[in-house]
Amino acid sequence: MSATKAYAAPAANIPLEPFTLERRAPGAHDVQIDILFCGVCHSDLHQIRDEWGGSIFPMVPGHEIVGRVSAVGSHVKGFKVGDLAGVGCMVDSCRECSSCKEGLEQYCETTGMVGTYNSREIGTGQPTYGGYSQQIVVDEKYTLKVSEKLDLARVAPLLCAGITTYSPCASGK
Ligand SMILES: [Zn+2]
Ligand SMILES: [Zn+2]
């Protein structure tokens, strides 16, 4: 576990304020990312205002995340420390249903997709916290490679808004 500085909405319609959260220590398949940029999505506003109902507070929004890998689990194959990585709107799903097996995890039929924030981890039930924070720990299956050639501030919004226009069915929120 590591203490991570973040900004959280303490309740609906209350401005974000400094917040400290605990990220899990990277498991065997996890990538730990030091966040460099996080986009602001309109769905962040909907959720911190509880306009869709069921919001979990305190809430750390942010699902357009780009950063640099600072640790990897022992079984991680696709990333090493120092790589750039991105995280979009989901961080887990059941991985076993027909939708997950087709690469359509956003339609997961068993657990549903686990949102990057305002959702609950499978197993622990702990709330997920998003990218308005210094660090995130995500399974490498839900982590994207990012090229060193790109302007990272411009990459961040591609993780949600960009993928939505590229493939509407790939965006969970
Ligand atoms: Zn979004
Ligand atoms: Zn599934």
Side-chain angles (χ1 to χ4, degrees), residues 4 6-9 12-16 19 21 27-31 33 35-67 75 78 84-146 150-173:
T4 300
Y7 284 100
N13 295 312
I14 296 182
L16 300 188
F19 179 70
L21 59 90
H29 299 278
D30 284 336
V31 176
I33 301 164
I35 297 171
L36 297 171
F37 294 93
C38 182
V40 177
C41 180
H42 197 85
S43 60
D44 297 341
L45 300 180
H46 284 305
Q47 290 176 90
I48 61 176
R49 293 168 180 163
D50 197 18
E51 289 171 346
W52 294 343
S55 284
I56 302 165
F57 296 103
M59 184 191 301
V60 177
H63 57 203
E64 302 179 353
I65 299 165
V66 175
H75 290 140
L84 290 172
V87 179
C89 64
M90 66 177 144
V91 292
D92 204 0
S93 63
C94 89
R95 312 176 193 208
E96 288 169 358
C97 70
S98 58
S99 292
C100 282
K101 285 188 170 158
E102 284 175 56
L104 296 170
E105 291 88 346
Q106 69 276 19
Y107 296 134
C108 177
E109 296 142 35
T110 310
T111 58
M113 63 163 242
V114 177
T116 302
Y117 69 88
N118 194 25
S119 194
R120 292 196 183 274
E121 288 181 358
I122 296 169
T124 68
Q126 291 295 313
T128 56
Y129 295 118
Y132 294 9
S133 60
Q134 291 182 315
Q135 197 178 73
I136 193 166
V137 177
V138 181
D139 189 296
E140 73 165 328
K141 180 173 167 57
Y142 300 82
T143 306
L144 299 156
K145 300 277 271 188
V146 175
L150 299 174
D151 176 345
L152 298 182
R154 295 181 179 196
V155 168
L158 297 178
L159 274 308
C160 176
I163 197 67
T164 301
T165 54
Y166 176 75
S167 173
C169 72
S171 179
K173 292 197 173 155

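Just so you know, ligand 1 is whichever comes first in the structure, and atom 1 is the first atom listed for that ligand.
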Full working for side-chain hydrogen bond (donor to acceptor under 3.5 Å, both in side chains) between Y142 and T116: CA-CA 10 Å; Y142 300 82; T116 302; over 6 Å; no
Contact check: C41 to the Zn ion (ligand 1), N/O/S below 2.8 Å: yes
Side chains of H63 and S43 in contact at under 4.5 Å (non-hydrogen atoms): yes
Short side-chain donor-acceptor distance under 3.5 Å, E102 and Y107: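 There is no such pair between these side chains.
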Validation row, ring centre Y129 to ring centre F19 under 6.0 Å: yes
Angle subtended at the Zn ion (ligand 2) by C94 SG and C108 SG, rounded to 10 degrees: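 It is 100°, given to the nearest 10°.
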Heteroatom of H63 nearest to the Zn ion (ligand 1) (N, O or S, atom name):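 The Zn ion (ligand 1) is closest to the H63 atom NE2, counting only N, O or S.
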